[in-house]
Amino acid sequence: MSRDVRSTVFLPTTSFPMKADLPAREPLLLERWNRLGLWRRMRAQAAGRPKFILHDGPPYANGHLHMGTALNKILKDVINRSRQMLGFDANYVPGWDCHGLPIEWQVEQEYRKKGRDKDAVPIVDFRAECRAYAQYWIGVQSAEFQRLGVAGDWENPYTTMTFASEAGIYRELAKFLLSGQLYRGKKSVLWSVVEKTALADAEVEYHDHTSTTIWVKFPIEKTKEPDLSGTSIVIWTTTPWTIPGNRAIAYGPTIAYRVIEVGEVGEGSLARPGERLVIASERLAETADQARILTFATLAEIDGTALEGTVCRHPLEGLGGGYRFPVPLLPASFVTTDQGTGFVHIAPSHGEEDFELGRRYGLEIPDTVAGDGHYTEAAPGFVGIHVFKAAEPVIAALRERNALLARGTLVHSYPHSWRSKAPLIFRATDQWFIPMDGPHGLRAKALAAIEATRFVPAKGKNRLRGMIETRPDWCISRQRAWGVPIAVFVHKTTGEPLRDPEVCERIAQAFEVEGADAWWTRDPQEFLGDRYRKEDFEKVDDILDVWFESGSTHAIVLEKRPDLGWPADLYLEGSDQHRGWFHSSLLESCGTRGRAPYNCVLTHGFVVDAKGEKMSKSKGNVISPLDLMKTHGADILRLWVVSADYSEDIRIGKEILEGIGENYRRLRNTLRYLLGNLAGFSASERVPFEAMPPLERWVLHRLEEIGRLVRSCNEDYDYVRLYNAILNFCTIDLSAFYFDIRKDSLYCDSRNSLRRRAARTVLDILFDCLTAWLAPVLVFTAEEAWLVRHPGEEESVHLRLFPELPERWRDDALAARFERLREIRRVITGALEIERKEKRIGASLEAAPVLYLARSEDRALLEQVDMAELAITSGITVVEGPGPAHAFRLEEVAEVAVVPERAEGAKCVRCWRILPEVAASPERLCARCAAVVAELENGSA
RNA sequence: GGGCCCGUAGCUCAGCUGGUUAGAGCGCACCCCUGAUAAGGGUGAGGUCGGCCGUUCGAUUCGGCCCGGGCCCA
């Protein structure tokens, strides 16, 4: 052999590295896209196409990204990019939720560190600091989202705190006000009597607190149940000061109760022998013990349902001339027998459950306690006493009336103010509500809108419907500073809010110019104009709940921006947003526009650890997307997103990421192999479909099939299915079959050979398809691969569309033939595997098996293709018949038998096939290779 | 405690309206190749379909209970 044969072999060559090194390479691609102005180009290119609008649910502008926000944004990005490549104009405008308590809280904490007092700072200055704080985190999060490869209008996002947004949100509120869908009512909220303000849940700390507990007798006045007449209901409470506010007693309809008559009592007992009491059976022993009742007789056992319609007298009846009202017994599911007596005293002003129950049954909601913690005139006998000092006076009054059965103390977890550390109380306060029912029928509209909306997965519909069906009126007011004000004037004598469109418009215009601060800085008379006098009105100082704000983004973003549109095609958030954004957006939009702001709602689950448990700092199982960026890269994270079923909770952990890495390498190597074998490919080399060998036509058939899957999976938002299909295609069809078979042709056939040219034509198509299909997910890798093949300053895979594949490629009959061929091939590889184990062969090219086919259809199949080529053997002999008994067979492949034989002849030094003709060649080349080598020598000579 | 939901091989997922020995890829084990080489090919072992009890001729698929987990309320 005179020359280096290896140099005549067309081995793959590419600059696309096998090692991805994503953490280093991705930032370079991001820079390139910024230089290129890729986003603007994508928009310009899609101008005029049908729009696809995924409206971004605004994350809260506070803190770094976590796995949940990363999952959410990546999923949105995959969908948007896919729609863009499907031929839509998928503009994506990211947004941020900026107002609200957490930011106020952070700013206030910074104040405290510096020893400043928030209340001493003018509200407008405080709001400015909150604004700056939000702006800072918007910058941080924006950079982090972009690092994940999320494409969007990052230069022009929306936020809820721009002056335009504040004005827009106020205009939405004004729609509710002017249409009569806004009323002021009472609500029981956690209240600090020290700061004289309502507190939100996040401002509450729970500490142990020692409370005085009391057992109180409520004499029955009226009952249907004869066993109950002349008895008293016994309640237990940890807040004696709420007794003046009592208006009802709750019982459990499924709880068993007992009527007892007190026998002997111990020393100091407040119980009187002979008196009759009603207590839950399960709580009897404990209660008797506490009351020092030594003996008692059970007079009757009754079900909770027997208590229906029973009415008691108030235990303080007559005190200070008050408490002369009936105290009804009401059924409630929250009554338990874990503690107490199985009866819960209900003070509608002083507890959430109490309040809701009171509202449902139309109870009075008295203002028994003022903001500073002192009893009002509504608490006769206690006026001016502070509730924290009320236990003894209340107990004394109860004892006087023989209404106290026992007292004690209890150490329990109790809410305290995070600021003053003082214990909190529940107190009825004025709040603003949007009614769910009534003349506007918001609930009915919302339920109808849910029916008209597509939910992915479908179970989301039930969840949202269930919440809308049972929710109380929407309380939209908060007693805070950082938000859009409920800019409403209430008439001092009528108590009615002023509903004047001109006033509202003046307020809105002021907000547009100088932001919502105007509500605090301007003279109210400016808003009221000439027709009203500010002295006649009370200016509301509450702000809007942030859920109303984010619920209005459809109006201030989709409707207002000319590059978007209303309603949205899709809202996509985590499943917690059934209670949150899906919910508030639905109510806001139904209240103002009569329908949902979205046509489709997609929900995803939560990110959990490898065991399926939630990630938390205390468990130490938190995985940060920002860390993964540094160790794995965004494409790995993105691949993780599409490889998981987002309709359920999504696990992440070391093993899972390793698996994703394996799959990533498979995809990357597929692209690399394509690139390597496409070196120097040009259009002139292309072979028309009709001239292609069956194997190529089969690959094109598979491509066409997957091309349709790409479209249907996008329609269904089913990325796992698509991802698995593409991965399996690369692994089973390409790597293990098509690529393996075509190596011989690609490496050794003449450059002019039809077979090699057809193969390269198909590789080119494969490259086009795979880079496009992977581009929405592997945004960096697909771009990197694309640029290797299509270098150019202005080039980007993200400016492409998914290829339109000709339907004529579809050939189900051909696919069926290949299915059978691959079955037969499996019998051959199975037979060769035994030979390998027995060390009779190594490479499959060392074999030239005898293939016995009993079926004539199978023999006909083998006439259309070269089975040796498909099985990568040096030869094959096809014989009619069942084959000898010792032949290799597979149970699941009927009527196929293989007798392995070693290939006869010598090994071609170029293509490594073992053929008889090579033995006769002085250069040890097969006929094909000899011709190719000659061709190359002539060409180079 | 209540509402909604989930639980198929080590991992990620398929399994239509109940019906033959429950599938795929990855991983794993073994073997081969050394011209995709921190690659590639082949063969194989892995599942009492969370558990228990029902309905049924028959249940991974329907019902109940329990266990484990998640979201939202309380």
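A, B, ... follow the sequence lines: proteins, then strands. Residue 1 opens every chain.
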Please give, in whole Å, the distance from B:G40 P to A:L671 CG? 13 Å

Could you tell me which nucleotide pairs with B:G7 by Watson-Crick or G-U wobble geometry, both distances under 3.5 Å, or answer none if nothing does? B:C67

Roughly how many Å apart are B:C73 and B:G15, using the C1' atom of each and rounding to a whole number? 35 Å

Return the value, rounded to whole Å, for the distance between atom CG of A:N724 and atom C1' of B:G27. 15 Å

By nearest-nucleotide position on RNA chain B, the 5'-leaning member of A:E891 and A:P12 is A:E891

Over 12 non-hydrogen atoms of neighbours within 6.0 angstrom of CZ in A:R359: yes

Any strand: nucleotide that pairs with B:U37 via Watson-Crick or wobble, under 3.5 Å: none

In whole Å, what separates the C1' atom of B:U55 from that of B:C11? 36 Å

By the Watson-Crick or G-U definition, both distances under 3.5 Å, B:U17 is matched with none

Any side-chain donor paired with an acceptor under 3.5 Å for A:T242 and A:H345? yes

If I pick the P atom on B:G46 and the same atom on B:C33, what distance separates them, to the nearest angstrom? 28 Å

Taking the side chain as C-beta and beyond, is there a heavy-atom pair between A:L667 and A:L778 under 4.5 Å? yes

Rounding to an integer number of angstrom, what distance separates B:G47 and B:C28 when you compare their C1' atoms? 16 Å

What is the pairing partner of B:G1, taking Watson-Crick or G-U wobble pairs with both distances under 3.5 Å in any strand? B:C73

Roughly how many Å apart are B:G50 and B:U8, using the P atom of each and rounding to a whole number? 6 Å

Determine the Euclidean distance between corresponding P atoms of B:G23 and B:G44; express it in Å to zero decimal places. 14 Å

Expected label for B:G63 (glycosidic angle, syn inside 90° of 0, else anti) would be anti

A:E662 side-chain proximity, nearest of B:U37, B:C26, B:A74: B:C26

Could you go through nucleotides 2-5 of chain B and list every protein N or O atom that sits under 3.5 Å from one of its N or O atoms, giving the distance for each pair?
residue : atom : partner : partner atom : Å
B:C5    : O2'  : A:K459  : NZ           : 3.3

Gap in Å between the two C1' atoms, one belonging to B:C71 and one to B:U21, rounded: 40 Å

Between the side chains of A:R702 and A:E705, is the shortest nitrogen-to-carboxylate-oxygen separation below 4.0 Å, so that they form an ion pair? yes

Check the orientation of A:Y673 and A:F739. Use parallel for under 30°, tilted for 30 to 60°, and perpendicular for over 60°. tilted

Winner on side-chain proximity to A:K837, out of B:G42, B:G70, B:G35, is B:G42

If pairing means Watson-Crick or G-U wobble with both distances under 3.5 Å, then the partner of B:U43 is B:A29

Once the angle between the rings of A:Y717 and A:Y719 is folded into 0 to 90°, is it parallel (under 30°), tilted (30 to 60°) or perpendicular (over 60°)? tilted

Heavy-atom donor-acceptor pair, A:S735 side-chain to B:A36 base, under 3.5 Å: yes

Check: A:F548 ring centre within less than 6.0 Å of A:W474 ring centre: yes

Taking the C1' atom of each, how far is B:U60 from B:A9, in whole Å? 14 Å

